Chemist: 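Have a look at this one before I ask anything.
In what follows, every heavy atom counts, from backbone to side chain, and hydrogens, waters and symmetry copies are set aside. Since the model is a prediction, treat every value here as computed from it, not as a measurement.
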Amino acid sequence: KMGTHRTPEQLKHEIVNGTLEIVAEGGIVNFSFPKLTAKTGISAPTVYEHYKNKEDLLVTCYKAIDCEVSQCIEEAIKTFTTDTESTDEIQARFRFIWQAYWDFLAENRNKSIFYSYFLNSGYYNIEMQAWHRSNHTPILKILHALKSRNSGIAECNIDILAAHMVNATSAYASRMHRGFYKNEKLTEETVYNMAFQPIYAALGMPI
């Protein structure tokens, strides 16, 4: 690898893939540029040509994955051309949207594990939370619309409900990839129920 000429885009691709692999193997706290060099054959000075520091690299990786996640969710939302009224239809819509998110995590091991580790790291700060929120406005709009329609329910923070769904789903997908649970329908169904029960309860919908 050391003697191979690579374009800037190829280098970035290898740096990102190497980063995801190292974090998936040992967590964010154990990630370092020396490990990245050992994994990819790309020297630290070359990495610094593309990323300011370790935080810049990790944040870049997170944002790229989060954009993929939001794209999956938005594509799923687009399949519904009209607003639904019945509880069953609303829950079917949520399930369809969540399924796109779960399928992405289930099919992308390193990205899934990195995503969960990052969301639970010190790098996920107020700024990252705001960025994440702006990247997932479609799902927030649906939740806000449901909340406004059910005026008799207790007051609830939609951001917290949405964050719980994202974090719980990513946490269990990560653990599944790390061998805690089998990649099977029972795992999927259980994670869905755990992610959405608080949402349905808070919005006054039967669980």
Side-chain angles (χ1 to χ4, degrees), residues 16 20 58-121 123-174 176 187-207:
V16 166
L20 297 182
L58 294 171
V59 166
T60 299
C61 290
Y62 162 74
K63 285 185 173 181
I65 297 169
D66 197 54
C67 284
E68 288 187 71
V69 168
S70 66
Q71 187 175 1
C72 287
I73 292 173
E74 285 181 37
E75 288 300 317
I77 290 172
K78 283 178 186 176
T79 64
F80 297 93
T81 54
T82 58
D83 288 333
T84 54
E85 291 297 323
S86 76
T87 297
D88 286 347
E89 288 175 326
I90 291 167
Q91 291 186 347
R93 171 184 282 203
F94 271 137
R95 177 56 193 256
F96 188 81
I97 293 167
W98 178 87
Q99 193 68 50
Y101 177 37
W102 175 262
D103 288 346
F104 172 82
L105 295 176
E107 292 164 10
N108 293 277
R109 180 185 184 276
N110 289 351
K111 289 179 180 180
S112 175
I113 297 174
F114 179 95
Y115 194 62
S116 179
Y117 277 143
F118 188 93
L119 287 171
N120 291 282
S121 74
Y123 295 107
Y124 190 71
N125 52 28
I126 296 295
E127 182 186 349
M128 284 295 96
Q129 183 186 31
W131 190 91
H132 173 81
R133 188 181 186 282
S134 69
N135 207 31
H136 291 270
T137 51
I139 193 73
L140 289 169
K141 283 179 180 177
I142 293 174
L143 291 171
H144 277 291
L146 282 172
K147 180 184 173 184
S148 63
R149 206 174 72 183
N150 293 287
S151 57
I153 65 171
E155 191 65 20
C156 59
N157 188 315
I158 294 298
D159 286 343
I160 293 176
L161 292 177
H164 169 76
M165 185 275 285
V166 169
N167 294 350
T169 302
S170 68
Y172 286 108
S174 171
M176 181 185 73
T187 298
E188 179 184 305
E189 290 296 324
T190 305
V191 175
Y192 167 74
N193 287 327
M194 290 177 67
F196 273 89
Q197 276 183 357
I199 292 175
Y200 294 148
L203 295 176
M205 299 166 67
I207 300 170

Chemist: Report yes if the side chains of Asn157 and Leu161 come closer than 4.5 Å at any heavy-atom pair, otherwise no.
Modeler: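 No; the side chains remain at least 4.5 Å from each other.
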Chemist: Looking at CD of Gln197 and NE2 of His164, how far apart are the two atoms once the value is rounded to the nearest 0.5 Å?
Modeler: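 Gln197 CD to His164 NE2: 8.5 Å, rounded to 0.5 Å.
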Chemist: Do Leu20 and Ile65 have side chains that get closer than 4.5 Å, going by heavy atoms?
Modeler: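 Contact flag for Leu20/Ile65 side chains = yes.
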Chemist: Can you tell if the side chain of Ile142 reaches within under 4.5 Å of the side chain of Ile97, non-hydrogen atoms only?
Modeler: yes
Chemist: Atom OG in Ser174, atom OH in Tyr115: separation rounded to 0.5 Å?
Modeler: 12.5 Å
Chemist: Would you say the side-chain atoms of Asn108 pair up with the backbone N or O of Phe104, donor to acceptor, closer than 3.5 Å?
Modeler: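 Yes.
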Chemist: Which residues pass the side-chain hydrogen bond (donor to acceptor under 3.5 Å, both in side chains) test with Arg95, not counting sequence neighbours?
Modeler: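 With sequence neighbours excluded, Arg95 shows a side-chain hydrogen bond (donor to acceptor under 3.5 Å, both in side chains) to Gln99, Glu188, Glu189, given in chain and number order.
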Chemist: Counting C-beta onward and ignoring hydrogens, is there a side-chain heavy-atom pair between Met194 and Val191 closer than 4.5 Å?
Modeler: no
Chemist: What class does the angle between the rings of Trp102 and Trp98 fall in, given that below 30° is parallel, 30 to 60° is tilted and above 60° is perpendicular?
Modeler: parallel
Chemist: Quick one: ring-ring contact (aromatic ring centres under 6.0 Å, His included) partners of Tyr123, sequence neighbours excluded?
Modeler: none
Chemist: What heavy-atom pair brings Ala171 and Ser116 nearest, and what distance separates the two atoms?
Modeler: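 Shortest heavy-atom contact: CA-OG, 3.5 Å.
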Chemist: Using modelled atom types and a 3.5 Å cut-off, is there a donor and acceptor pairing between side-chain atoms of Thr169 and backbone atoms of Val166?
Modeler: no
Chemist: Measuring from atom CH2 of Trp131 to atom NZ of Lys63, what distance do you get when rounded to the nearest 0.5 angstrom?
Modeler: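 The NZ atom of Lys63 is 6.0 Å from CH2 of Trp131, to the nearest 0.5 Å.
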Chemist: Within a strict 4.5 Å, meaning less than it, do heavy atoms of the Leu105 and Met176 side chains meet?
Modeler: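 Not in contact.
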Chemist: Calculate, to the nearest 0.5 Å, the distance between atoms CE and OH belonging to Met165 and Tyr101 respectively.
Modeler: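 Rounded to the nearest 0.5 Å, the CE-OH separation comes out at 7.0 Å.
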Chemist: For residues 133-144, which residue pairs qualify under salt bridge (Lys or Arg N to Asp or Glu O under 4.0 Å), counting only residues two or more places apart or in two chains?
Modeler: Arg133-Asp159
Chemist: Does Asn167 offer a backbone N or O that forms a donor-acceptor pair with the side chain of Ser170 under 3.5 Å?
Modeler: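 Pair found, side chain donor or acceptor close to backbone of Asn167.
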Chemist: What pair of heavy atoms forms the shortest contact from Glu74 to Pro138, and how long is it?
Modeler: CG-CG, 3.6 Å
Chemist: Any side-chain heavy atom of Phe94 within less than 4.5 Å of one from Leu143?
Modeler: yes
Chemist: Taking all non-hydrogen atoms of both residues into account, name the closest pair between Phe114 and Leu58 and its distance.
Modeler: CZ-O, 3.4 Å
Chemist: Over 60° means perpendicular and under 30° means parallel, so tell me whether Tyr62 and Phe118 are parallel, tilted or perpendicular.
Modeler: parallel
Chemist: What is the distance from atom SG of Cys72 to atom CD1 of Ile77, rounded to the nearest 0.5 Å?
Modeler: 11.5 Å
Chemist: Does some side-chain heavy atom of Tyr172 sit less than 4.5 Å from a side-chain heavy atom of Thr187?
Modeler: no
